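All values below come from the heavy atoms of this structure, side chains included, with hydrogens, waters and symmetry mates left out. Order of the sequence lines fixes the chain letters, A, B, ..., with proteins taken first and strands second; residue numbering starts at 1 for each chain. These numbers come from a predicted model, not from an experiment.
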Protein chains: 2
Amino acid sequence: MSNAPTDLTERERDVLRVIIQDYIASAEPVGSRSVARRHGVRLSPATIRNVMADLGELGYLSQPHTSAGRVPTDLGYRFYVDYLMDRRPLTRAEESMIERRFRPVQGEVEDLMREATKLLSGLSRSVGLVLAPRVDQLAVKRIEFVHLSTERVLVILITTSGQVNHKIVILDDAIPQEELNKIARVLNNLVEGMSLSRVRQLLVKKMAEEKAMYDELLRRALELGQKSFAGETEGDVYIGGTANIMHQPEFADVEKMRSIFGAFEEKSKLLKILDQCLDQDGLTIVIGSENVVQEVQRLSLVTAPYWCAEHLLGTLGVIGPTRMEYSKIIPLVDFTAKLVSQHLTEVAS
Amino acid sequence: MSNAPTDLTERERDVLRVIIQDYIASAEPVGSRSVARRHGVRLSPATIRNVMADLGELGYLSQPHTSAGRVPTDLGYRFYVDYLMDRRPLTRAEESMIERRFRPVQGEVEDLMREATKLLSGLSRSVGLVLAPRVDQLAVKRIEFVHLSTERVLVILITTSGQVNHKIVILDDAIPQEELNKIARVLNNLVEGMSLSRVRQLLVKKMAEEKAMYDELLRRALELGQKSFAGETEGDVYIGGTANIMHQPEFADVEKMRSIFGAFEEKSKLLKILDQCLDQDGLTIVIGSENVVQEVQRLSLVTAPYWCAEHLLGTLGVIGPTRMEYSKIIPLVDFTAKLVSQHLTEVAS
DNA sequence: ATTAGCACTCGTAATATGAGAGTGCTAACC
DNA sequence: GGTTAGCACTCTCATATTACGAGTGCTAAT
């Protein structure tokens, strides 16, 4: 189905816009009367009705039942955000208001992420999401090994942004702390400042190069390094303000809500949702059924990527009822992403 | 108000037990007929009614409205869990079932905690809670410093249990990485194996001792050490299975649920709840209005402390509707705490 | 092309009705 | 005296009925 601004006449676009804005504000089906009242060009309800019938035929509007007003379909929302909505950026005053709310954060990256979800959820009255930095893209500052027990070694990875990742590696045979320190020194010299994905490539290459491997220490270092840097770098997801969406009238039904909350609890589901957005560049809007995850197909999503210097790190945004205030939330998400990027870039320098 | 088992006659205790068990199972007010039917000693509904009237007068039962059955009050539940409930421990079969579900975890302590909340919530059909290890009690394995920027230093603290804590410390004047390493060595020699709270005491003492402080390095080490180990060691809270309580008929009202979920999102509220339990030793049951936190006074709590060797680390348990299956959940929580303690103790050795 | 008029549809809110569950009380019973 | 049958009474809940109003779609007039 084609979906271009020119598919609709000026009048149809006007009517669609008014209906969606009205519905977003009221959560109730919009009738021809109220459109006629709000519509700039004075037209009678009857005329509006004709237009509405057309828009319904085209799939932009639907009726909950025969004699009720119209409700936007997902397609209608899509058209709205693509062509109808006015996307004015935030005013300076609004920006500084948000900045002030964000200020208290400094230090830990985790706190920054958590604070971002709070900010997003608080100002949008929806649910805030942050897909934590993909570790792959981060530059390694340092790696440390701590001997825990015979075969278990704690690997600590510090990035230039001050993030700390750790995991436990199981060894084939014991390595004393003494040697672990040496190995750490070797590896640190090798990888400092490189991104994690580069490090992985390098280690593979090095190992192949030194087949003969006269240097026993180097061999063990490369081996342990590979184990340490391997493994899925599954992104972490921060979520905040879930209680907010309970306000929405569309979730008065407890059963619907339960399935949504179930999905929110499953990190993997959230990851799937946010991954969908990471591929796009720039601000992304996913509306209702466009979403890949079943349980949240009554919800919509506004996300924007954030960066550290030139590296794309992750994405953050808001998930809430499809009937959300896009024209308020989009600038909010956009600005928050900028703010987070700025903080992360400052910290890394 | 006195509250001892002897306050009630044998018959009253029987009736109260039957009513509570019935109500827990059905979530509906219990009438005299159904008590009479279920009651061992064959008594007529009329007799039961007299007993019920007495129990109502004593504050153990209440009526939703004049001509409805009886519902237990918080006091009634309290009496039930204290004196009426049969507390049979788990069978071997049940224990091994739980163990099997728990098995996959090894390695990171965070994963263990998260897994515990899943286990608890899954088997109780309520919400699982774990108050993360109080760092104070943990033994220090190692401390590391990483220079981030001129005045910011990343402090990494590793405990013998393999937990990694980190925070950022702001310096008065810059210390190069070189010297940070030396300081780390000094501190590590000083504090390895001690509990964090002991370390704090030691540092204060040492600093007072060496007023003259000829050793410049030691001085700086103590100073940085103090900064690093200072600060509230606010416990972290893990929570899982929040979606579960939506099943419960008592939360059909969305507004009630919203306030509960709001409380769940606030870590500080949860901390307050769990702190209440940490003071007790052994398994703790907090019923409805006994709870200190307003928002969850319609919920009850079953918690048990967990340990690493002989150190009390934290507490874990289940929060759910007051009408929960205590006789199933209590053994579950008890056993889970044992299981977690066992894992943590193994890891630390 | 637009609009007024009108019959029609459908959901919602208000009201009435009856059934059922349970109580409390009284009087009879063992 | 404790126990029980009987009975009138209360209150909720489910169901049916009704009335209302918002909104539509169509037709015919402008």
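Under 4.0 angstrom from either OP1 or OP2 of D:dA22 there lies no side-chain N or O belonging to A:Arg70. Checking the phosphate oxygens (OP1, OP2) of C:dG22, no side-chain nitrogen or oxygen of B:Ser32 falls inside 4.0 Å.
Rounded to a whole Å, the CZ atom of B:Arg42 is 11 Å from the P atom of D:dA5. In this structure, A:Leu61 atom CG and D:dG25 atom C1' are separated by 16 Å, rounded to whole Å. If you measure from atom CD1 of A:Ile19 to atom C1' of D:dG23, you get 13 Å, rounded to the nearest angstrom. Here the C1' atom of nucleotide D:dC9 and the CD atom of B:Gln63 are 14 Å apart, to the nearest Å. In this structure, A:Ile48 places its CD1 atom 15 Å from C1' of D:dG25, rounding to the nearest Å. Put simply, CG on B:Leu43 is 17 Å from P on C:dC30, counting in whole angstrom units. If you measure from atom CD of A:Glu28 to atom P of D:dG21, you get 17 Å, rounded to the nearest angstrom. Distance, A:Arg37 CZ to D:dA22 P: 10 Å, rounded to whole Å.
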Which donor-acceptor pairs under 3.5 Å do side chains of residues 258-267 of chain B form with protein atoms, sequence neighbours excluded?
from     : atom 1 : to       : atom 2 : distance (Å)
B:Arg258 : NE     : A:His247 : NE2    : 3.3
B:Arg258 : NH1    : A:Ala243 : O      : 3.4
B:Ser259 : OG     : B:Lys256 : O      : 3.2
B:Glu265 : OE1    : A:Gly241 : N      : 3.1
B:Glu265 : OE2    : A:Gly241 : N      : 3.1
B:Glu265 : OE2    : A:Thr242 : N      : 2.4
B:Glu265 : OE2    : A:Thr242 : OG1    : 2.4
B:Glu265 : OE2    : A:Ala243 : N      : 3.4
B:Glu266 : OE2    : B:Lys269 : NZ     : 3.4
B:Lys267 : NZ     : B:Val237 : O      : 3.4

Listing, residues 47-55 of chain B side-chain donor-acceptor contacts under 3.5 Å, not counting sequence neighbours, or none:
from    : atom 1 : to      : atom 2 : distance (Å)
B:Thr47 : OG1    : B:Ser44 : OG     : 3.2
B:Arg49 : NH1    : B:Ser32 : OG     : 3.2

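Relative to the side chain of A:Met52, the nucleotides D:dT24, D:dT3, C:dG24 differ in distance, and D:dT24 lies closest.
Heavy-atom contacts from other residues, nucleotides or ligands closer than 6.0 Å to CD of A:Glu12 number more than 12. In this structure, A:Gln276 places its CD atom where more than 12 heavy-atom neighbours from other residues, nucleotides or ligands lie under 6.0 Å away.
In this structure, B:Ser62 contributes its side chain and B:Tyr60 its backbone to no donor-acceptor pair below 3.5 Å. In this structure a side-chain-to-backbone donor-acceptor pair under 3.5 Å is missing from A:Arg13 to A:Leu8. At least one donor-acceptor pair closer than 3.5 Å links the side chain of A:Thr73 to the backbone N or O of A:Gly59.
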When you check every protein heavy atom under 4.0 Å of nucleotides 4-11 of chain C, what one-letter string (B, S, -) results, 5' to 3'?
BB---BBS

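If A:Asn50 and A:Pro29 are placed on DNA chain D by their nearest nucleotide, the residue sitting closer to the 5' end is A:Pro29.
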